[in-house]
Protein chains: 2
Amino acid sequence: MNLTEVKEHIVKSGLKATHQRMIVLQNLSNDSSHPTAEKLYDSLQMYNPSLSLSTVYRILDDLVEVGLINQVATKGGIKRYDANITPHNHIYCNITNEIFDFYDEELHQVIKDFFEKKQIANFKISDIKMQVNGFKVDLDQKVSFKQ
Amino acid sequence: MNLTEVKEHIVKSGLKATHQRMIVLQNLSNDSSHPTAEKLYDSLQMYNPSLSLSTVYRILDDLVEVGLINQVATKGGIKRYDANITPHNHIYCNITNEIFDFYDEELHQVIKDFFEKKQIANFKISDIKMQVNGFKVDLDQKVSFKQ
DNA sequence: TTTCTAAACAGGAATCATTCCTATCAATTA
DNA sequence: TAATTGATAGGAATGATTCCTGTTTAGAAA
């Protein structure tokens with residue numbers, strides 16, 4: 001995303017488009033590594049030395065709150081973030097701690113159908129996420145989901 | 001699980017069946033709330049005042065390591081544990097932070113088939129977890145998965 | 001454009017979950 | 001019994017996150 005798009009998204013969400021919010025969202029939207037707050041802070045430091053770490057944390061919370069980004073569930077106890085808010089699932093590498101996105105229309109449909117047919121009593125579903133855990137075979141090579 | 005069963009499991013895993021390990025595993029196996037380390041520590045305190053919190057943390061790590069329990073991935077950044085090591089998925093309530101287990105044979109099979117057909121290049125899958133996020137409709141009532 | 005005000009921010013302190021460290025304890029073997 | 005090894009208690013240290021307070025800023029109103 002470029003700055004103009006970022007600004008539009010933030011304004012549409014109801015938040016003020018402050019400089020700090022824009023650069024945090026832009027940086028996250030151009031980073032597919034599902035970074036932590038601290039990692040984003042580090043990336044931004046070079047060109048925005050006055051940005052504070054607590055601001056990054058608060059902005060990330062706010063962006064999650066209004067639904068512009070997602071917090072990724074991990075076992076590690078460290079929060080990671082994802083600007084991809086389209087439906088998708090995650091592949092976790094237990095060795096490198098990398099997280100990769102994947103999406104398959106057919107799989108999505110099957111799961112959607114399943115939960116329309118079978119009900120969970122007293123529970124309203126907002127979204128369904130799948131986590132594929134495992135490990136990279138060759139750590140130097142990329143992981144890719146083949147259609 | 002009773003103490004005898006717990007002891008058998010621990011010995012079979014290769015760890016020594018110490019008193020602390022047994023009570024931690026027993027307590028967790030009789031608790032379906034997917035508790036945190038601290039919550040387990042609190043439950044055990046009453047009858048085991050000399051048990052230390054750091055021991056609980058270390059024992060949980062050890063039990064995860066040998067595969068007797070699982071660490072549950074959450075967005076909250078706080079680690080939770082699950083003694084149910086059979087294949088199953090989780091339902092998360094965003095209001096109460098409760099986690100419920102569910103399992104469906106048909107769904108399990110569909111997903112298994114899917115990942116046998118479609119490959120992820122350079123990645124070896126160890127397990128696949130699904131998270132159903134949403135919220136309880138009536139907070140005082142139970143959530144139940146209907147077959 | 002300038003002024004005003006609520007919202008947002010910077011920077012550092014505080015908190016909370018978790019891990020680390022070290023002396024002690026328990027079990028096993030010689 | 002003594003020696004060795006692994007496990008624990010208890011507290012200190014660490015790391016991630018949140019909180020607090022004074023200052024700044026965005027955007028509305030004049």
Side-chain angles (χ1 to χ4, degrees), chain A residues 3-4 6-28 34-66 68-81 97, chain B residues 6-7 10-11 13-28 34-66 68-69 71-81 97:
Chain A
L3 266 187
T4 313
V6 163
K7 188 166 188 171
E8 279 171 17
H9 279 87
I10 294 177
V11 169
K12 194 176 288 179
S13 79
L15 295 176
K16 284 185 190 170
T18 66
H19 181 66
Q20 289 88 338
R21 280 175 181 154
M22 290 193 286
I23 60 174
V24 168
L25 180 54
Q26 186 184 31
N27 209 266
L28 183 61
H34 307 79
T36 62
E38 195 133 12
K39 199 157 167 300
L40 278 169
Y41 171 71
D42 289 344
S43 314
L44 291 165
Q45 265 299 300
M46 193 185 297
Y47 299 109
N48 305 273
S50 77
L51 178 69
S52 82
L53 178 58
S54 56
T55 297
V56 174
Y57 274 105
R58 191 172 21 70
I59 286 175
L60 288 169
D61 282 353
D62 293 344
L63 294 177
V64 168
E65 180 80 18
V66 298
L68 286 179
I69 66 172
N70 279 136
Q71 209 174 289
V72 181
T74 64
K75 290 183 183 175
I78 297 178
K79 293 178 184 171
R80 296 172 67 165
Y81 297 86
N97 289 317
Chain B
V6 163
K7 189 167 188 171
I10 294 176
V11 170
S13 79
L15 294 177
K16 284 186 189 168
T18 64
H19 181 67
Q20 289 88 337
R21 282 176 180 155
M22 291 193 288
I23 60 175
V24 167
L25 180 54
Q26 187 183 32
N27 208 266
L28 183 61
H34 307 78
T36 62
E38 195 133 13
K39 199 156 168 299
L40 278 169
Y41 171 72
D42 289 344
S43 314
L44 291 164
Q45 265 299 300
M46 192 184 298
Y47 298 110
N48 305 274
S50 76
L51 179 70
S52 81
L53 178 58
S54 57
T55 297
V56 173
Y57 274 104
R58 192 172 21 68
I59 287 175
L60 288 170
D61 281 353
D62 294 344
L63 295 177
V64 168
E65 180 80 17
V66 299
L68 285 178
I69 65 172
Q71 208 174 290
V72 181
T74 63
K75 290 183 186 174
I78 298 178
K79 293 178 183 171
R80 296 172 68 164
Y81 298 86
N97 288 318

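Throughout, protein chains are lettered first and strands after them, A, B, ... in sequence-line order, and every chain is numbered starting at 1.
Of the residues near DNA chain D, V56(B) and G77(B), the one whose nearest nucleotide (by heavy atom distance) lies more toward the 5' end is V56(B).
Residue contacts shown for T55(A) include a base, since a base heavy atom lies under 4.0 Å away. Residue T36(B) is classed as having no contact, given no heavy-atom separation below 4.0 Å to the nucleic acid.
With rounding to the nearest 0.5 angstrom, the CG atom of L63(A) is 5.5 Å from the CG atom of L25(A).
Exactly one residue among L68(A), I10(A), V6(A) makes a side-chain contact (heavy atoms from CB on, under 4.5 Å) with R21(A). That residue is I10(A).
Heavy-atom contacts from other residues, nucleotides or ligands closer than 6.0 Å to CD of E65(A) number 12 or fewer. Within 6.0 Å of NE2 in H34(A) there are more than 12 heavy atoms belonging to other residues, nucleotides or ligands.
Summarising the geometry, the separation between CG on D62(B) and P on dA7(D) is reported as 8 Å, rounded to the nearest angstrom. Distance, L53(A) CG to dA8(C) P: 19 Å, rounded to whole Å. Between K16(B) atom NZ and dG6(D) atom P the separation is 7 Å, expressed in whole Å. Taking atom CD1 of residue I59(A) and atom C1' of nucleotide dA8(C), one finds them 8 Å apart after rounding to whole Å. dC20(C) atom C1' lies 11 Å from atom CZ of R58(B), rounded to whole Å. In this structure, CD of Q20(B) is placed 13 Å from C1' of dA27(C), rounded to the nearest angstrom. Rounded to a whole Å, the CG atom of D61(B) is 10 Å from the P atom of dT18(C). Between the C1' atom of dT17(D) and the CZ atom of R80(A) lies a distance of 17 Å, rounded to the nearest Å.
The phosphate of dT17(D) has OP1 or OP2 within less than 4.0 Å of a side-chain N or O from Y57(A). The phosphate of dC9(C) (OP1 or OP2) has no side-chain N or O of S54(A) nearer than 4.0 angstrom.
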